[in-house]
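Single-structure report; data block below.
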Amino acid sequence: INDTAGSSVSHIYTDNGTYNVVLTIDDSDSSVTANKTIIVDDVNPSGRISVSKLNPLEGENVAVGISGLANGSSTDTVSNIEWSLDGVVQAGFNNQDSFNTSFANKGVYNLTLVITDEDSSVTDSVIFNVGEAIPSGDINVVPGTSIVEGDSLNFSILNLANGSLGDPITSISWDFGDGSAIDSNQNTTHVYAQNGSYLVVLTLSDVNSVMTKNVTITVADTQPNLVT
């Protein structure tokens, strides 16, 4: 640096390292020099994991990204983004700053992010607590929930779904609330012989969980016919 205009000067170091600054002062007959060592510390890249949810259910979509992703400096740009799940590198997601994922099974999972530039790296991690996804379905009754003795009812399950890909439904049971045998068919029929109010309970089970739904059926009395 040659500054003949004054006694001060400014300078920006764009990369980390150790630099020797030499000041030389000249007059018409002589010169004098002075030295100063400048140590420039590295600036790490930055970024934190952002997720749409930390407590998803099995099979539920989770959006993953990086908030505040930035280079350490103009010369130290991010060179690699690495994602690991429980210590196993997820190569399919490397060098991606956002992606969608899901977990097939319940449990606790540790997601780690490592952002690297030429000189350094920064690490962040989050813990997912994945809950059990239970089977699901809705009771459908035709012709309706109010009938008279002797009418036949058709029962079916709408929107029937497994809790997750790894947990298929293993059993279906209908309890019609009148002491009759449990029915294990997905679609079935039933006739109530006596008037009254009956609670129908549908139970869906997989290996790890149970879901129940219920509906009340109101059965009206059938009046006897007069014989003349």
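All values below come from the heavy atoms of this structure, side chains included, with hydrogens, waters and symmetry mates left out.
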Could you give the side-chain donor-acceptor pairs of residues 60-73 under 3.5 Å, partners two or more places apart or in another chain?
{"residue": "Glu60", "atom": "OE1", "partner": "Leu57", "partner atom": "N", "Å": "2.8"}
{"residue": "Glu60", "atom": "OE2", "partner": "Lys53", "partner atom": "NZ", "Å": "2.7"}
{"residue": "Ser67", "atom": "OG", "partner": "Arg48", "partner atom": "O", "Å": "3.3"}
{"residue": "Asn71", "atom": "OD1", "partner": "Val78", "partner atom": "N", "Å": "2.8"}
{"residue": "Ser73", "atom": "OG", "partner": "Thr75", "partner atom": "N", "Å": "3.4"}
{"residue": "Ser73", "atom": "OG", "partner": "Thr75", "partner atom": "OG1", "Å": "3.3"}
{"residue": "Ser73", "atom": "OG", "partner": "Asp76", "partner atom": "N", "Å": "3.2"}

- Task: Take Thr203 and Asp175, measure what side-chain contact (heavy atoms from CB on, under 4.5 Å) needs, and give me the verdict at the end.
- Result: CA-CA 8 Å; Thr203 302; Asp175 183 344; over 6 Å; no

- I would like to know whether Tyr109 and Val126 meet side-chain contact (heavy atoms from CB on, under 4.5 Å); could you show each step before the answer? CA-CA 8 Å; Tyr109 299 88; Val126 296; over 6 Å; no

- From CA spacing to verdict: side-chain contact (heavy atoms from CB on, under 4.5 Å), Val207, Thr170: CA-CA 7 Å; Val207 173; Thr170 56; 4.2 Å; yes

- Are Asp151 and Val191 close enough, and set up right, to give a side-chain contact (heavy atoms from CB on, under 4.5 Å), and what steps lead you there? CA-CA 6 Å; Asp151 283 352; Val191 175; over 6 Å; no

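Between the side chain of Asn185 and the backbone N or O of Asn187, no donor-acceptor pair lies under 3.5 Å. In this structure, Glu149 contributes its side chain and Gln194 its backbone to no donor-acceptor pair below 3.5 Å. In this structure a side-chain-to-backbone donor-acceptor pair under 3.5 Å is missing from Ser125 to Leu111. Counting only distance, with no hydrogens or angles, the side chain of Glu82 and the backbone of Asn80 share no donor-acceptor pair below 3.5 Å.
Under a 4.5 Å side-chain heavy-atom criterion applied to ILVMFWY residues, the cluster that includes Leu23 comprises Ile25, Val32 as well. Residue Leu153 shares its hydrophobic cluster (ILVMFWY side chains chained together at separations under 4.5 Å) with Ile134, Ile139, Val141, Ile147, Phe155, Ile157, Leu160, Ile169, Ile172, Trp174, Phe176, Tyr192, Tyr198, Val200, Leu202, Leu204, Met211, Val215, Ile217, Val219.
Judged as a side chain to side chain contact (heavy atoms under 4.5 Å, CB included), and not counting sequence neighbours, the contacts of Thr189 are Ser152, Asn154. Take Asp178 and apply the side-chain hydrogen bond (donor to acceptor under 3.5 Å, both in side chains) test, not counting sequence neighbours, and it matches Ser180, His190. Applying the side-chain hydrogen bond (donor to acceptor under 3.5 Å, both in side chains) criterion to Ser120, with sequence neighbours excluded, gives Asp42, Asn44, Asp117.
Under the 4.5 Å side-chain heavy-atom criterion for Ile, Leu, Val, Met, Phe, Trp and Tyr, Val43 and Tyr13 are members of distinct hydrophobic clusters. No continuous path of hydrophobic side-chain contacts links Val21 to Val9 [ILVMFWY only; heavy atoms under 4.5 Å]. Hydrophobic clustering of Ile, Leu, Val, Met, Phe, Trp and Tyr side chains at less than 4.5 Å, counting indirect connections, unites Phe103 with Leu54. Hydrophobic clustering (side-chain heavy atoms under 4.5 Å, transitive across Ile, Leu, Val, Met, Phe, Trp, Tyr) keeps Val89 apart from Phe128.
From Ser209, atom OG reaches atom CG of Asp167 across 6.5 Å, with rounding to the nearest 0.5 Å. Rounding to the nearest 0.5 angstrom, the gap separating the CG atom in Asp124 from the CG atom in Leu113 is 6.5 Å. The CG atom of Asn94 sits 7.5 Å away from the OG atom of Ser84 when rounded to the nearest 0.5 Å. Rounded to the nearest 0.5 Å, atoms OG1 (Thr216) and CG (Leu199) are 5.0 Å apart. The CG atom of Leu85 sits 8.5 Å away from atom OG1 of Thr112, with the distance rounded to the nearest 0.5 Å. Rounding to the nearest 0.5 Å gives a distance of 3.5 Å between CG of Asn110 and CD1 of Ile127.
Within a 6.0 Å radius of CD1 in Ile39, other residues, nucleotides and ligands contribute 12 heavy atoms or fewer. Around CD of Gln96, the count of heavy atoms belonging to other residues, nucleotides or ligands within 6.0 Å exceeds 12.
Salt bridge status for Lys106 with Glu58: absent, with no side-chain N to carboxylate O gap under 4.0 Å.
Between the side chains of Asn159 and Asp138, at least one donor N or O sits under 3.5 Å from an acceptor N or O.
Summarising the geometry of Asp206 relative to Asn208, their closest heavy-atom pair is OD1-N, 2.9 Å, with the distance given to 0.1 Å. Across every non-hydrogen atom of Asp26 and Ser31, the tightest pair is OD1-CB, 2.5 Å.
Side-chain atoms of Ser171 and Ser205, non-hydrogen and from C-beta on, do get closer than 4.5 Å to each other.
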